[in-house]
Protein chains: 2
Amino acid sequence: MNVIEHLQEHSIKPSVQRIAIMQYLIEHRTHPTVEEIYSTLLPTIPTLSKTTVYNTLKLLSEHGAAQTLTIDERNTCYDADTSPHAHFLCKHCGKVYDLPIQNDAKQVEEMSINGHEIQEIHYYYKGICKECKNKK
Amino acid sequence: MNVIEHLQEHSIKPSVQRIAIMQYLIEHRTHPTVEEIYSTLLPTIPTLSKTTVYNTLKLLSEHGAAQTLTIDERNTCYDADTSPHAHFLCKHCGKVYDLPIQNDAKQVEEMSINGHEIQEIHYYYKGICKECKNKK
DNA sequence: GTACGTGCAAAGAATTTGCAGATAA
DNA sequence: TTATCTGCAAATTCTTTGCACGTAC
């Protein structure tokens, strides 16, 4: 996937920082936080500031190039996969997993319920993940 | 509904503060924040502190007497309705609405996906609510 | 040259922590 | 009495804001 084209498709002007952050999101489907992105990219872009990471992620989210996840109560997470899919938060280790959506036929676009216009769908599950269960 | 019994059913010792907060959640299904609960109850319990509200809501959540909602990116909200149902966040006015769950047959208990043990299910929708749409 | 992007430092807001006093069985 | 609950104040953490400098077309 061409990251620059991807940004331009969402009307975002590419810059070194924006490309790096978008690319990070695309390559790491681990629902990273601002902190994770910042500290990973810092060696590559030593002048990078956290403000820019915040600004860029907000920009990506507003332009539909990434999704904001509010599943983690402490930090906001981001996801480059904007298609509707479910997330699972392990209450024990805090990891966020992707889950397949079970009921198909999910059409986000132009959907409305009770007169409200639906723009985003998020399915969150919380519990104990496989690994943490096995450790006990 | 007897609030004291409700607390005891979840192994929570009733106290003046805990009863008041639990009762507030049951009577006001508006997904209040810590701040809302605190300022509403303050006239009734003048010695109430925000710390106690935080402590109590955390306790209720841990014991399954209430749910923690992370849909709002700014503040954490709480909900006494622990049965699975959907929430809608208006991106414009920030209000949180309840929505009926469309696909039925949602059984939370003992559910597992991909080996993960599911304890909570949250369905979040985001968009523009009816009222805000009409105002334009 | 002009508009836009970046990043520092400071401010702001939400939540947590430590601890001492109050309360209840 | 003895463990538990409460609440103040301070600390911590995440995020936003204001502003000046850089950069690109």
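In what follows, every chain begins at residue 1, and chains take the letters A, B, ... in the order their sequences are listed. Given the structure is predicted, the values throughout are model-derived calculations rather than measurements.
The terminal axes of the helix from C/dG1-D/dC25 to C/dA25-D/dT1, fitted over 5 pairs per end, subtend an angle of 30° to the nearest 10°.
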Got a list of side-chain donor-acceptor pairs under 3.5 Å for residues 40-50 of chain B, not counting sequence neighbours?
| residue | atom | partner | partner atom | Å |
| --- | --- | --- | --- | --- |
| B/Thr40 | OG1 | B/Glu36 | O | 2.7 |
| B/Ser49 | OG | B/Thr51 | N | 3.0 |
| B/Ser49 | OG | B/Thr52 | N | 3.3 |
| B/Lys50 | NZ | B/Glu35 | OE1 | 2.6 |

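Taking the six-membered ring where tryptophan is involved, the planes of B/Tyr124 and A/Tyr124 are perpendicular, since the angle between them exceeds 60° and thus also 30°. Relative ring orientation between B/His87 and B/His31 is described as perpendicular, the plane-to-plane angle rising above 60° on a 0-90° scale split at 30° and 60°.
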Detail all sub-3.5 Å separations between protein N/O atoms and N/O atoms belonging to nucleotides 13-18 of chain C.
| residue | atom | partner | partner atom | Å |
| --- | --- | --- | --- | --- |
| C/dA14 | OP1 | B/Asn75 | OD1 | 3.2 |
| C/dT15 | OP1 | B/Thr76 | N | 3.1 |
| C/dT15 | OP1 | B/Thr76 | OG1 | 2.7 |
| C/dT15 | OP2 | B/Tyr54 | OH | 2.9 |
| C/dT15 | O5' | B/Tyr54 | OH | 3.4 |

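Here the P atom of nucleotide D/dT13 and the CD atom of B/Glu73 are 22 Å apart, to the nearest Å. The separation between A/Glu36 atom CD and D/dC14 atom P is 11 Å, rounded to whole Å. The nearest whole Å value for the distance from the CG atom in A/Leu48 to the P atom in D/dG22 is 18 Å. A/Arg18 places its CZ atom 11 Å from the P atom of C/dG7, with the value rounded to the nearest Å.
Centroid-to-centroid, the aromatic rings of B/Tyr125 and A/His116 stay 6.0 Å apart or farther.
For C/dT23, the OP1/OP2 oxygens have no side-chain nitrogen or oxygen of B/Gln17 closer than 4.0 Å. The phosphate of C/dT6 (OP1 or OP2) has a side-chain N or O of A/Ser15 nearer than 4.0 angstrom. Put simply, B/Ser49 has no side-chain N or O that comes within less than 4.0 Å of OP1 or OP2 on D/dT6.
The two atoms that bring A/Val53 and A/Ile21 nearest to each other are CA-CD1, 3.9 Å, heavy atoms only.
Here A/Thr47 lies in heavy-atom contact (under 4.0 Å) with sugar-phosphate atoms only.
When each of B/Arg29, B/His85, B/Gln67 is paired with B/Asp79, the side-chain hydrogen bond (donor to acceptor under 3.5 Å, both in side chains) condition holds for B/His85 and for no other.
Closest approach to the B/Lys13 side chain among C/dG5, D/dT4, D/dT6 is made by D/dT4 (side chain taken as heavy atoms from C-beta onward).
Between the side chain of B/His28 and the backbone N or O of B/Tyr24 there is at least one donor-acceptor pair closer than 3.5 Å.
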**Request:** Please step through salt bridge (Lys or Arg N to Asp or Glu O under 4.0 Å) for the pair B/Lys58 and A/Glu73, ending with a clear verdict.
**Result:** CA-CA 12 Å; B/Lys58 193 179 179 186; A/Glu73 283 147 46; over 6 Å; no

**Request:** Output, in order, the C-alpha distance, side-chain angles, deciding distance and verdict of salt bridge (Lys or Arg N to Asp or Glu O under 4.0 Å) for A/Glu117 and B/Lys130.
**Result:** CA-CA 7 Å; A/Glu117 180 189 333; B/Lys130 207 175 182 175; over 6 Å; no

